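Working notes, structure below.
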Amino acid sequence: MNPSARLSAFVLLLCLPLLCIAAPPPNPRAIAFYYNWYGSPQLDGAPLHWAHDVLPQNDRDTVRKRIPAGGDIAANFYPQLGEYSSADPATIDRHLAMAASARIGILAVTWLGSDDPSFRSVPLLLDAARRHGLKICFQIEPRARKTALAARDSIREIVQRFGAHPAFYRDPRTRRPLFFVYDSYVIPAADWARVLAPGGADTIRGSEHDADVLGLWVGADEHAFFEQSGFDGFYTYFASRGFSYGATPEHWPALQRWARERGKLFVPSVGPGYIDTRVRPWNAKNTKDRDGGRYYDAMFRAAIDSGAPFIGITSFNEWHEGTQIEPAMTFRHRAFDYLDYAPRAPDYYLKRTGYWLKRYKPAAPGRASAPPAATAAVP
């Protein structure tokens with residue numbers, strides 16, 4: 001063997017241990033809310049959601065303005081990937097690779113119905129999730145759940161269309177899918193009981209569409225609603241700390257105890273910050289600065305210390321509300337100077353998510369145990 005070949009073989013032997021190191025495993029109890037509603041003129045015929053109306057505060061607010069996209073988007077941060085299409089296979093693959101690198105085990109994909117443009121991305125997301133070792137569940141948005149019966153129909157359609165896919169999330173023990181229902185509180189508990197209670201007139205219980213269905217806990221006194229409605233549990237969603245009772249981390253230990261005593265699932269939601277003043281200029285009071293990552297750290301610590309069996313992450317890419325952990329870039333447009341993550345790197349929140357999810361080892365749902373503590377030092 002000549003000296004050059006001998007050196008190459010030696011380097012290969014040194015590198016083999018590194019090549020054999022597997023990617024960090026995803027945490028199967030970490031759920032990131034994922035928005036698949038973005039579009040580009042090239043793939044979708046319009047800059048969907050990058051262009052957006054400025055939302056009125058109330059019915060008396062008659063001023064209307066349209067944010068047009070093309071550098072001037074409906075967000076306070078600007079994505080490193082640009083104004084992408086959620087139906088672009090290359091973008092989806094990059095997103096799933098990012099989520100996997102952050103140890104996220106499940107993406108809760110936005111469901112707006114099969115007649116919405118976002119539907120095009122769902123099969124692509126499931127296939128990409130299979131490649132990257134993730135699972136997909138769904139958050140049913142108001143458009144697809146105007147009534148409890150409409151929500152039931154959405155659950156049925158999703159299970160029928162995608163329930164056999166290997167990346168479709170099912171509880172490893174019960175094989176039940178998982179659904180989040182956004183703003184569930186606007187529909188009376190009695191209506192929900194028709195579809196979620198075992199004896200309901202239109203129940204999914206005991207059928208092939210049976211699932212763990214979680215509602216949104218907002219106010220301080222939601223206990224009766226969740227006992228009477230038939231929901232299997234609840235989540236908090238909002239990333240603006242204190243915006244609601246449920247979004248206040250100091251309340252999470254009590255919510256987890258109440259859920260565990262009643263055999264329900266509790267999913268507290270953590271977020272890196274909040275700002276939505278480009279689309280809701282009247283909502284500055286709910287802005288939460290990222291504080292160099294310290295805001296995110298505090299929410300993650302609180303969620304872990306609560307003992308909850310799952311943690312929700314709001315969000316992977318809800319750019320309108322500035323809750324995204326997807327990389328953002330420094331960008332200036334004549335209409336707006338966008339925020340960025342400085343002094344942190346564009347991928348900081350992906351890495352920080354991975355840091356916390358490595359330390360999050362919850363007890364199994366429904367099993368009473370002492371809550372795990374987030375005792376690891378924060379670098």
Side-chain angles (χ1 to χ4, degrees), residues 22-34 96-108 129 132-137 139 169-173 178 180 212 214 217 233-239 241 246-260 264-273 290 293-316 323-326 344 347-379:
N27 191 312
R29 305 285 183 78
I31 307 166
F33 294 100
Y34 181 90
L96 271 291
M98 290 176 189
S101 75
R103 296 178 180 267
I104 294 166
I106 308 166
L107 291 184
H132 291 280
L134 278 72
K135 299 292 184 182
I136 299 291
C137 71
Q139 178 172 229
Y169 175 82
R170 292 182 182 274
D171 183 282
R173 300 169 305 149
L178 176 65
F180 297 88
D212 290 323
L214 308 189
W217 189 297
F234 47 91
Y235 69 121
T236 62
Y237 184 78
F238 301 113
R241 182 177 186 138
T248 305
E250 288 77 9
H251 301 148
W252 291 349
L255 289 173
Q256 165 57 15
R257 286 194 298 273
W258 188 85
R260 184 172 54 189
K264 295 186 182 293
L265 295 174
F266 171 49
V267 183
S269 303
V270 305
R290 294 188 174 224
R294 286 177 284 274
Y295 182 89
Y296 199 37
D297 286 343
M299 290 199 88
F300 246 116
R301 283 193 202 96
I304 291 173
D305 288 345
S306 76
F310 292 88
I311 288 179
I313 298 165
T314 306
S315 63
F316 184 86
T323 62
Q324 76 289 334
I325 61 172
E326 181 185 356
R344 304 299 191 179
D347 65 349
Y348 173 78
Y349 290 95
L350 294 174
K351 291 181 176 178
R352 201 63 182 161
T353 301
Y355 169 87
W356 284 112
L357 292 182
K358 183 179 180 181
R359 288 152 179 79
Y360 174 52
K361 298 177 175 61
R367 180 175 17 152
S369 65
T375 55
V378 178

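Atom set for the values below is all heavy atoms of this structure, side chains included, hydrogens, waters and symmetry mates excluded. It should be emphasised that the depicted structure is a prediction, and the values quoted were computed from it without experimental measurement.
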So does F238 get a backbone contact from the side chain of T314, meaning a donor-acceptor N/O pair under 3.5 Å?
no
Hey, could you give me the CZ/OG distance between R257 and S306, rounded to the nearest 0.5 Å?
10.0 Å
Flag side-chain contact, heavy atom, 4.5 Å: W252 against D305:
no
Among side-chain atoms of D297 and W356, is any donor-acceptor pair under 3.5 angstrom?
yes
What pairs with K358 under salt bridge (charged side-chain N to carboxylate O under 4.0 Å, His left out), at least two apart in sequence or on another chain?
none
State, yes or no, whether a side-chain contact exists between I104 and I325 at a heavy-atom distance under 4.5 Å.
yes
Y169: partners by side-chain hydrogen bond (donor to acceptor under 3.5 Å, both in side chains), with sequence neighbours left out:
none
Please test F316 against L350 for side-chain contact (heavy atoms from CB on, under 4.5 Å), starting from the C-alpha separation and ending with a verdict.
CA-CA 9 Å; F316 184 86; L350 294 174; 4.1 Å; yes
Side-chain polar contacts of residues 96-103 - donor-acceptor pairs under 3.5 angstrom, sequence neighbours left out - could you list them?
residue, atom, partner, partner atom, Å
S101, OG, M98, O, 2.6

Side-chain heavy-atom pair F33, Y235 within 4.5 angstrom cut-off:
yes
Which heavy atom of A129 sits nearest a heavy atom of I136, and at what distance?
CB-CG1, 3.8 Å
Report yes if the side chains of D171 and L178 come closer than 4.5 Å at any heavy-atom pair, otherwise no.
no
Is there a side-chain contact between Q256 and P309 (heavy atoms, below 4.5 Å)?
yes
Does a side-chain heavy-atom distance below 4.5 Å link R359 with R301?
no
Interatomic distance, CG@D212 vs CZ@F180, rounded to 0.5 Å, equals 10.0 Å
Between the main-chain N or O of A247 and the side-chain N or O of W217, is there a donor-acceptor pair closer than 3.5 Å?
no
Answer yes or no on whether R290 is positioned over the face of Y349, meaning its NZ or CZ is under 6.0 Å from the six-membered ring centre and within 45° of the axis.
yes
Quick one: pull up OH in Y348 and OH in Y355 and give me the separation to the nearest 0.5 Å.
9.5 Å
Please round to the nearest 0.5 Å and tell me the distance separating atom CZ of F266 and atom CD1 of I311.
10.0 Å
Minimal non-hydrogen separation, A298 against R241, with atom names
CB-NH1, 4.2 Å
Flag the pair Q139 / Y34 as yes when at least one side-chain heavy-atom distance between them is below 4.5 Å, and no otherwise.
no
Here the pair of heavy atoms bringing A303 nearest to P268 is CB-CG, 4.1 Å
Any non-hydrogen side-chain atom of N27 less than 4.5 Å from a side-chain atom of F310?
no
Might you point out which heavy atoms bring R29 and P362 nearest each other, and give the distance in Å?
NH1-CG, 3.5 Å
Side chain to side chain donor-acceptor pair (under 3.5 Å), that's the test. Do S315 and Y237 meet it? Break it down for me.
CA-CA 9 Å; S315 63; Y237 184 78; 5.5 Å; no
Separation of L107 CG from H132 NE2 (nearest 0.5 Å):
11.0 Å
Where do T236 and S269 come nearest, in terms of heavy atoms and distance?
OG1-N, 2.8 Å
